[in-house]
Structures are given as structure tokens and as C-alpha cells.
Amino acid sequence: MADTKREIERKYESDDSGLPDLTGVAGVRAVIDKGVANLDAVYYDTADERLANASMTLRRRTGGSDAGWHLKVPVAPGVRDEIREPLSDTLPRTLAGLVRSRVREAELLPLVRLRSDRDVRHLVDADGALLAEVSVDAVHAERLTDGGGTAQWTEIEVELADDGDPVFLDKVEKRLRKAGVRPSSSVSKLARALAETAPKKSGKRKAPPAPEEPRTAGDHVLAYVRAQRDAILELDPAVRQDAYDSVHRMRVATRRLRSTLRSYAKVLDRTVTDPVGEELKWLAGELGVDRDREVMTERLTTVLGELPRTLVSGPIRTRMRTWANARRGGSRRRLIGVLDSKRYLELLDTLDALVAEPPLLPDAAGRPEKVIGKAVRKNFGKVSALVEEAIEAPPGADRDLALHEARKKAKRTRYAAEAASPALGAPARELAKSMKSLTSLLGEHQDSVMVRLTLRELSAVAHAAGESSFTYGVLYGREEQRAAAVEAALPGVWEEIGTGAPL
């Protein structure tokens, strides 16, 4: 089982390569010499350095207290999650899975070897508790591919203790700067090694160029498409690790992307993007299998908990737990299977190609306020028609369907307005905000519809088993009241939204 450690650290360099006295740092009672460790690590990547371009590092290290395979995944500037597996001759399957969305079918090769003599100090407080580990690393880097060179340097690394306050690193940095130590120009040892050992014929490794400032309608749409593609890639390892809310966030990214491709049909050729949208729909559906059940389970648990004990009869809680846990045992394996599938990896390749060579139509070169604004207004018009239809319809299945369709169109309008916000400013942001509120309101109604459907199913099973179905009926009635409350509130909410013309 992989072990994950949150790593918060900063790197520095100095001309004299020494470590200043840190006993004067606020909160530090003592600086304890922990000796020198000899570390030897081989870093793996594809030939075109896909992991490095994603700020990920994969290494096999010997020496020190944490020998083994390490995968580092960026979380925020200066913060990474290090996923560790025991030392072995071959890459562990868990780590291979976590890099698959980046590597795909490419081969992982040993690119760089780093040997470091690490002189370690522990900064401790008055109680002897560790505040941070400071090390002076004398590094020797060697490129393992043909034509590569070598490099040497010394750096200072300060890593915050587990559960430490990041403010402490500011205090250490203040002391280091006073002593002439400066932040490192490289984000990691690997980044510096790749740059300084690159084959001479190609020069130093260059970072991928930053996207240019959006100017045309196409620029703005593609910026949003690229952001959602990046979100899917970045969330893939988190989904594989079952990180909190990662499945939901990845599903939202797929929906945002699919919605954008449909909304901006005058910018991106739908003969190309429609097949991509179908694959995104498939992925969102696979991600939603467990998510939908989780939402229903949370709702059922909440409404049952609101009932007085006198209204609860029969083994309803057991029945709900059984329903909630159905298929859960294999759900993680099923989802990992989806992420390892050829279909998913081909979708990622397609998204990369879409961003690299977008199927732009003539309107893509137009002014954003005209082209993008028109697309958003068109979406809003569809929402308006559906909401008006739902308000006019009598309570029942037809209204439920109209409200559900309005919710889906409101989501699409929200995402279109989000994509438009950098170009159109406050009006687009306000529309996105109002569509989010409308989506939440209509989502409450749709949840009620689905919960009532589930309650009917559970009631039928309970009745067939000779159990009381009384409580199911009570819950059903309460859900009807919740839905009726949404329907009653909708005209006022819609009137408030509709008072301001979109964009």
C-alpha cells in the first residue's frame, strides 16, 4: 500500500554554499546535527519529458531513511505530495497507474541520476519537537541518455515538519536572506539537472511556452478548453487515490468541457468536436455511477435523521445501508479500469490534439464581445424558454422534466459565461453567478424527484419482505413538500434573474 506524505519545502542557493547559523530564528531552541546521508536516485520519465513538463517527478532512490520509489505530485507552489512505495527492481503498479494519464503508451526511461551528500540539521523548539529539517545537499547530476552531460552544485533545502505552520518557513527564509542566501532559481533538483545536463546539440531544456494573452473569441474559448483538459489530467491521480471530492471535480471538468464545445459551435467545428463530446459524456457517466448514489445516500440519511423517532418504523436504516453499499465493493476497481482503458487514454490524446490544432471556424477570429456574447445569450434564451415552460406547466411529470431540462441548460449557460468572463468581465461573472444559484435551486428539485423514485423502490422491497412501509411514505411526503417549495420559489427567483438582460 502506497504511503503519501505532504511535503512543504523551499530551496536556496548561496555563493559560499554554507549554512548560516539558524539558532536566532524565532521559535528555534536548538539546531541538531543529524549527520550526512548519501543518496543515490535515478529519475524516470518519457523521452519527451512528459512528467517533468507536468512538474511531476518519479524516482528510485537508495540511501537515507526513505529509500524506495517516490512519485512527487504538485499541490501548490512549494507544496507537493510524495507517494512512496518500497524499494523494488521494477516500477510498482500503483505508481505506474498514477502517471498513466501523463505517460499513456510511452515508455518510462531512466533519464537522470542524482547523487547527493546530504548534511542534515533539525530545527527543534523548546520541547524538542521538530520544526523543520534543513539540509545542505552537494549534488552530482548525470544524464543517462546519449549525448548528455554532468553537472554539480550545492543547495540548501528547508522542509517543514509534518503538520507544521508554513509561517515558520518565512522566519527561516528571513534569516537565510540576511546571510546572503537566495531562493533557488530552479523549482527542483530534477529541473536543474535536466537543464544543465541536456545534450549540447539541443541546448538547455526549455520550459513549455506560456499561452499568449487571449485576444480573439477563439483564444478565449481555447483557454477555457485548455483549463478543463488540464483539470482532468491533474485530477486523474487524485481519483485513483480516492481523494476527497476528486471524482466529483473531475466529472465537473468533463461536463464543463463538453458544454463549452457545444456552446461555442460558431468557434469550434462541431463535426470535429461532437465525437469528442460523446466521449466526454461517456467519461462523465462512468465517473457519476458512484457519485449519484452518494448524493442520494446523503439525502436519504439527512431526511431520515430529521424524522421524530415515533415516525420511524421497521428496519429502514438497515435497508438504506444495504442499498447504499450495493456494488460499492467493486466500484473502485471498476473506476480504475475505466482510467486504465484504451478508450480513456485515447480521449486524452484527442483532447491534446484538440488543444494543439483546434478546428477553428471563421468566427473564432472575431471580437470576443460579439461572438462569445452571442453564444451566451443564445444559451440564456434556451434556459428562459424552459423555465417559463416549467412555471406554466401543472405540477407533475411534465413540470419535473421541464425543470430538469432547464437545470441542464442553466449549467451550460453558467459554463459558457465562465468561459466568457475574462473577455466580457462583470456582466459574464454575474450571469455565471445567477446561473449557479438557479442550478442549485433546480438541483434541489431534481434530487427530490430522484429520492422519491428511490423511496418507491425501497418501499416495494420492504413491503415484499413483510416490513412496514409507513416511514417510506412519510419521507416521500416530505420530499413532495420540498419539491413544491422549490416550485413555489421559482417564479420569484426567475423574475429577479430576468430583470437584468444578460451581457
Kindly give the heavy-atom pair with the smallest separation between [X] and [Y], and that separation in Å.
{"X": "Leu283", "Y": "Leu347", "value": "CD2-CD2, 4.0 Å"}
{"X": "Glu234", "Y": "Pro237", "value": "O-CD, 3.4 Å"}
{"X": "Pro368", "Y": "Ala217", "value": "CG-N, 3.9 Å"}
{"X": "Thr145", "Y": "Pro110", "value": "CG2-O, 4.3 Å"}
{"X": "Thr254", "Y": "Leu287", "value": "CG2-CD1, 4.3 Å"}
{"X": "Asp236", "Y": "Gly97", "value": "OD1-O, 4.3 Å"}

If I take atom [atom1] from residue [X] and atom [atom2] from residue [Y], how far apart are they, to the nearest 0.5 angstrom?
{"X": "His70", "Y": "Glu7", "atom1": "NE2", "atom2": "CD", "result": "9.5 Å"}
{"X": "Glu13", "Y": "Ile156", "atom1": "CD", "atom2": "CD1", "result": "9.5 Å"}
{"X": "His122", "Y": "Ile32", "atom1": "NE2", "atom2": "CD1", "result": "8.0 Å"}
{"X": "Asp349", "Y": "Leu354", "atom1": "CG", "atom2": "CG", "result": "12.5 Å"}
{"X": "Lys178", "Y": "Glu173", "atom1": "NZ", "atom2": "CD", "result": "13.0 Å"}
{"X": "Tyr224", "Y": "Glu418", "atom1": "OH", "atom2": "CD", "result": "3.5 Å"}

So that I can tick it off, tell me whether [Y] and [X] are bridged by a salt bridge, with the cut-off set at under 4.0 angstrom between side-chain N and carboxylate O.
{"X": "Arg249", "Y": "Asp245", "value": "no"}
{"X": "Arg143", "Y": "Glu49", "value": "yes"}
{"X": "Arg10", "Y": "Asp170", "value": "yes"}
{"X": "Asp15", "Y": "Arg182", "value": "yes"}
{"X": "Asp352", "Y": "Arg50", "value": "no"}
{"X": "Arg299", "Y": "Glu444", "value": "yes"}

Sub-4.5 Å side-chain heavy-atom contact between [X] and [Y]:
{"X": "Val25", "Y": "Lys174", "result": "no"}
{"X": "Leu22", "Y": "Arg121", "result": "no"}
{"X": "Ser246", "Y": "Arg240", "result": "no"}
{"X": "Trp323", "Y": "Met296", "result": "yes"}
{"X": "Leu222", "Y": "Val355", "result": "no"}
{"X": "Ile232", "Y": "Met250", "result": "yes"}
{"X": "Leu111", "Y": "Tyr43", "result": "no"}
{"X": "Ser186", "Y": "Glu155", "result": "no"}

- prompt: Is it true that atom CZ of Arg343 has more than 12 heavy atoms of other residues, nucleotides or ligands lying nearer than 6.0 Å?
  reply: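 Result for CZ/Arg343: enclosed.
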
query: Hey, mind stepping through Arg215 and Asp219 against salt bridge (charged side-chain N to carboxylate O under 4.0 Å, His left out) and telling me if it holds?
result: CA-CA 6 Å; Arg215 292 183 176 86; Asp219 291 339; 5.7 Å; no

message: Side chains of Thr94 and Glu85: any donor to acceptor distance under 3.5 Å?
response: yes

Please check if the side chain of [X] supplies one atom and the backbone of [Y] the other of a donor-acceptor pair under 3.5 Å.
{"X": "Arg175", "Y": "Asp21", "value": "yes"}
{"X": "Arg334", "Y": "Glu286", "value": "yes"}
{"X": "Thr273", "Y": "Val276", "value": "no"}
{"X": "Ser263", "Y": "Ser259", "value": "yes"}
{"X": "Asp127", "Y": "Ala129", "value": "no"}
{"X": "Ser116", "Y": "Leu39", "value": "no"}
{"X": "Asp119", "Y": "Val136", "value": "no"}
{"X": "Tyr344", "Y": "Ser101", "value": "no"}
{"X": "Asp137", "Y": "Glu157", "value": "no"}

message: Working note: Phe168 + Leu123, criterion side-chain contact (heavy atoms from CB on, under 4.5 Å); need CA distance, chi angles, decisive distance, verdict.
response: CA-CA 11 Å; Phe168 179 70; Leu123 308 184; 4.0 Å; yes

field: Candidates Arg59, Arg6, Lys5 - the one meeting salt bridge (charged side-chain N to carboxylate O under 4.0 Å, His left out) with Glu82
entry: Arg59

query: Checking side-chain contact (heavy atoms from CB on, under 4.5 Å) for the pair Lys189/Trp153: CA distance, chi angles, key distance, verdict?
result: CA-CA 10 Å; Lys189 290 183 177 67; Trp153 70 88; 4.3 Å; yes

message: Run the side-chain contact (heavy atoms from CB on, under 4.5 Å) test on Arg256 and Lys411 for me, step by step, so that the C-alpha distance in whole Å, both residues' side-chain angles and the decisive distance to 0.1 Å come before the verdict.
response: CA-CA 9 Å; Arg256 280 190 166 112; Lys411 278 187 177 181; over 6 Å; no

query: Can Met435 and Arg412 be said to form a side-chain contact (heavy atoms from CB on, under 4.5 Å), step by step?
result: CA-CA 9 Å; Met435 288 297 100; Arg412 183 180 298 176; over 6 Å; no

